Participant: 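Below are the structure tokens for one structure; questions will follow.
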Amino acid sequence: IGCATAAGPAFEGAGLTFGMRAGDGAVGHVWLDGDREPPRIEVIGQGGPIGICGTAYIDFVARARQRGLISRTARFVIDDHPCLVNHKTHGRAFVVARPEHGDPLLITEADMASLLQAKAAIAAGIICLLREADLQAQDVRTVFLAGGFGFHMHLDSLLGCGMLPEFRTDQVEAVGNTALAGAYLALLDSGALHEIRRISNQMQIIELNLVPGFEMVYVDQLSLP
């Protein structure tokens, strides 16, 4: 069984204050090591930071929640962190990086609200599929996490923000660009193409907007663990 979730473009950085796709200059990961220390960052490429991509946003939300910097609804709950600012345009925000040239890179409460909406859509889809299959998360042997975004995601952040509700790190296996791998396999082996078609014809598609209670599940997932 399968479904599609309307997660929107937030994980690609679209609509976020300093969001960008995962390219040179993007902050790819964020760590919060202490209660008052500035964050550690990893920047893609050889240059300095110019924006923030989806993996870093998920890192921040999960780790800020773990550190007690934000509430379950991704609102800042502290006032005395040296990286927390009240921006005249963006409101309360956290300084992730200070580029040599240009404005500081911020994560705002509005950014986190957009991320929670995207996270909630995916989590609600997973919960509805599990219910359709009459399974609990612990019954699933392996979660294959496909795509470049999933491959570069830190699992502790992915689980910490609740995108894979009730799953454990040992259940999740990142497998990269499986669509491209499947295309290569189909080119090399006509039998594989036949098997791909057979499996796809067996798929039962769940339309989430027709699932009773989906809206309530979605609303429940709009908060952090």
Side-chain angles (χ1 to χ4, degrees), residues 1-17 19 29-30 32 52-77 92 94 107-174 203-225:
I1 60 176
C3 72
T5 63
F11 295 138
E12 299 291 333
L16 306 183
T17 309
H29 289 292
V30 176
L32 302 174
I52 306 169
C53 71
T55 51
Y57 278 108
I58 296 301
D59 281 343
F60 180 81
V61 169
R63 290 164 180 168
R65 175 63 182 157
Q66 184 182 34
R67 285 284 176 187
L69 300 180
I70 60 176
S71 67
R72 292 193 68 198
T73 56
R75 296 285 184 175
F76 290 108
V77 294
R92 301 193 79 195
F94 193 93
I107 293 180
T108 70
E109 290 183 334
D111 294 336
M112 292 190 288
S114 295
L115 291 163
L116 285 190
Q117 292 172 24
K119 184 275 292 190
I122 293 174
I126 291 170
I127 290 170
C128 288
L129 285 185
L130 287 171
R131 289 180 179 177
E132 185 71 22
D134 195 23
L135 294 171
Q136 302 292 323
Q138 62 265 26
D139 299 325
V140 177
R141 185 173 60 190
T142 307
V143 178
F144 293 106
L145 190 63
F149 181 71
F151 188 76
H152 293 285
M153 181 71 66
H154 286 174
L155 287 184
D156 66 313
S157 299
L158 187 68
L159 299 178
C161 76
M163 200 181 305
L164 298 179
E166 305 300 326
F167 286 98
R168 308 180 309 273
T169 55
D170 62 286
Q171 291 174 280
V172 183
E173 181 180 343
M203 284 294 294
Q204 176 189 351
I205 304 302
I206 306 300
E207 298 290 348
L208 292 177
N209 61 313
L210 301 179
V211 173
F214 169 75
E215 292 83 1
M216 291 302 300
V217 176
Y218 173 77
V219 170
D220 289 342
Q221 295 303 312
L222 281 172
S223 58
L224 294 166

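The figures that follow rest on heavy atoms only: side chains count, while hydrogens, waters and symmetry mates do not. All figures in this text were calculated on a predicted structure; none of them were measured in a lab. Residues take their numbers from the sequence shown, with the count starting at 1.
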Participant: Out of curiosity, Thr73 OG1 to Leu224 CG, how far, rounded to the nearest 0.5 Å?
Facilitator: 8.0 Å
Participant: Does any pair with a residue in residues 3-14 pass salt bridge (charged side-chain N to carboxylate O under 4.0 Å, His left out), and if so which ones, sequence neighbours excluded?
Facilitator: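 Residue pairs with at least one partner in residues 3-14: Glu12-Arg21.
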Participant: Taking only residues at least two apart or on different chains, which pairs with a member in residues 146-166 satisfy salt bridge (charged side-chain N to carboxylate O under 4.0 Å, His left out)?
Facilitator: Arg63-Asp156
Participant: If only atom types and distance count, is the side chain of His29 paired as donor or acceptor with the main-chain N or O of His152 below 3.5 Å?
Facilitator: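 Between the backbone of His152 and the side chain of His29 there is a qualifying donor-acceptor contact (under 3.5 Å).
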Participant: Should the ring pair Phe60 and Phe94 be called parallel, tilted or perpendicular, given that the plane angle runs from 0 to 90° and is split at 30 and 60?
Facilitator: tilted
Participant: Verify, without hydrogens or angle tests, whether Gln221 (side chain) and Lys119 (backbone) share a donor-acceptor contact under 3.5 angstrom.
Facilitator: no
Participant: State, yes or no, whether a side-chain contact exists between Leu130 and Val140 at a heavy-atom distance under 4.5 Å.
Facilitator: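 Heavy-atom side-chain distance check passes, below 4.5 Å.
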Participant: Can you see which heavy atom on Ala7 is nearest to which on Ala118, and at what distance?
Facilitator: O-CB, 3.2 Å
Participant: List the atom of Leu116, the atom of Arg72, and the distance in Å for their closest heavy-atom pair.
Facilitator: CD1-O, 4.2 Å
Participant: Looking only at heavy atoms, which two atoms of Ala6 and Ala121 are closest? And how far apart?
Facilitator: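 Closest heavy-atom pair between Ala6 and Ala121: O-CB, 3.8 Å.
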Participant: OG1/Thr55 to CG/Leu158 distance, rounded to the nearest 0.5 angstrom?
Facilitator: 11.5 Å
Participant: Which heavy-atom pair separates Gln117 from Leu222 by the least distance, and what is that distance?
Facilitator: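 Residues Gln117 and Leu222, closest heavy atoms: CA-CD2, 3.8 Å.
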Participant: In Å and rounded to the nearest 0.5 Å, what is the CG to CG distance from Leu129 to Leu208?
Facilitator: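 Going from CG on Leu129 over to CG on Leu208, the span is 7.0 Å.
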Participant: Tell me whether the count of non-hydrogen atoms from other residues, nucleotides or ligands lying under 6.0 Å of CD in Gln138 goes above 12.
Facilitator: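 Yes, the 6.0 Å shell around CD holds more than 12 heavy atoms from other groups.
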Participant: What's the spacing between Leu210 CG and Cys128 SG if we round to 0.5 Å?
Facilitator: 11.5 Å
Participant: Quick check for you: to the nearest 0.5 Å, what is the distance between Thr169 atom OG1 and Leu159 atom CG?
Facilitator: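 The OG1 atom of Thr169 sits 6.5 Å away from the CG atom of Leu159.
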Participant: Can you find a pair of side-chain heavy atoms, one from Phe214 and one from Arg131, that are under 4.5 Å apart?
Facilitator: no
Participant: Ignoring hydrogens and geometry beyond distance, is a side-chain donor-acceptor pair present between Thr108 and Asp111 at under 3.5 Å?
Facilitator: yes
Participant: Does Thr5 have any side-chain hydrogen bond (donor to acceptor under 3.5 Å, both in side chains) partners at least two apart in sequence or in another chain, and if so, which?
Facilitator: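 By the side-chain hydrogen bond (donor to acceptor under 3.5 Å, both in side chains) rule, Thr5 matches no residue at all.
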Participant: For the CG atom on Asn209, are there more than 12 heavy atoms of other groups (residues, nucleotides or ligands in this structure) within a distance under 6.0 Å?
Facilitator: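 For Asn209, atom CG is crowded (more than 12 foreign heavy atoms under 6.0 Å).
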Participant: Less than 4.5 Å apart, any side-chain heavy atom of Ile107 and any of Tyr57?
Facilitator: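 When only atoms from C-beta onward are counted, Tyr57 and Ile107 do touch, with a gap below 4.5 Å.
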Participant: Counting neighbours of CD on Gln66 that are heavy atoms of other residues, nucleotides or ligands and sit closer than 6.0 Å, is the number greater than 12?
Facilitator: no
Participant: Measure the spacing between CG of Leu16 and CG of Leu115 and express it to the nearest 0.5 Å.
Facilitator: 5.5 Å
Participant: Do the side chain of Arg65 and the main chain of Gly160 share a donor and acceptor less than 3.5 angstrom apart?
Facilitator: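 Judged by distance alone, no pair lies under 3.5 Å.
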Participant: Could you go through the side-chain contact (heavy atoms from CB on, under 4.5 Å) check for Phe11 and Met163 one step at a time?
Facilitator: CA-CA 12 Å; Phe11 295 138; Met163 200 181 305; 3.6 Å; yes
Participant: Mind listing the closest non-hydrogen atom pair of Ile52 and Ala56 along with its distance?
Facilitator: CG2-CB, 3.7 Å
Participant: What are the two closest non-hydrogen atoms of Ala137 and Pro165, and how far apart are they?
Facilitator: CB-O, 3.9 Å
Participant: Are Arg75 and Met112 close enough, and set up right, to give a side-chain contact (heavy atoms from CB on, under 4.5 Å), and what steps lead you there?
Facilitator: CA-CA 8 Å; Arg75 296 285 184 175; Met112 292 190 288; over 6 Å; no
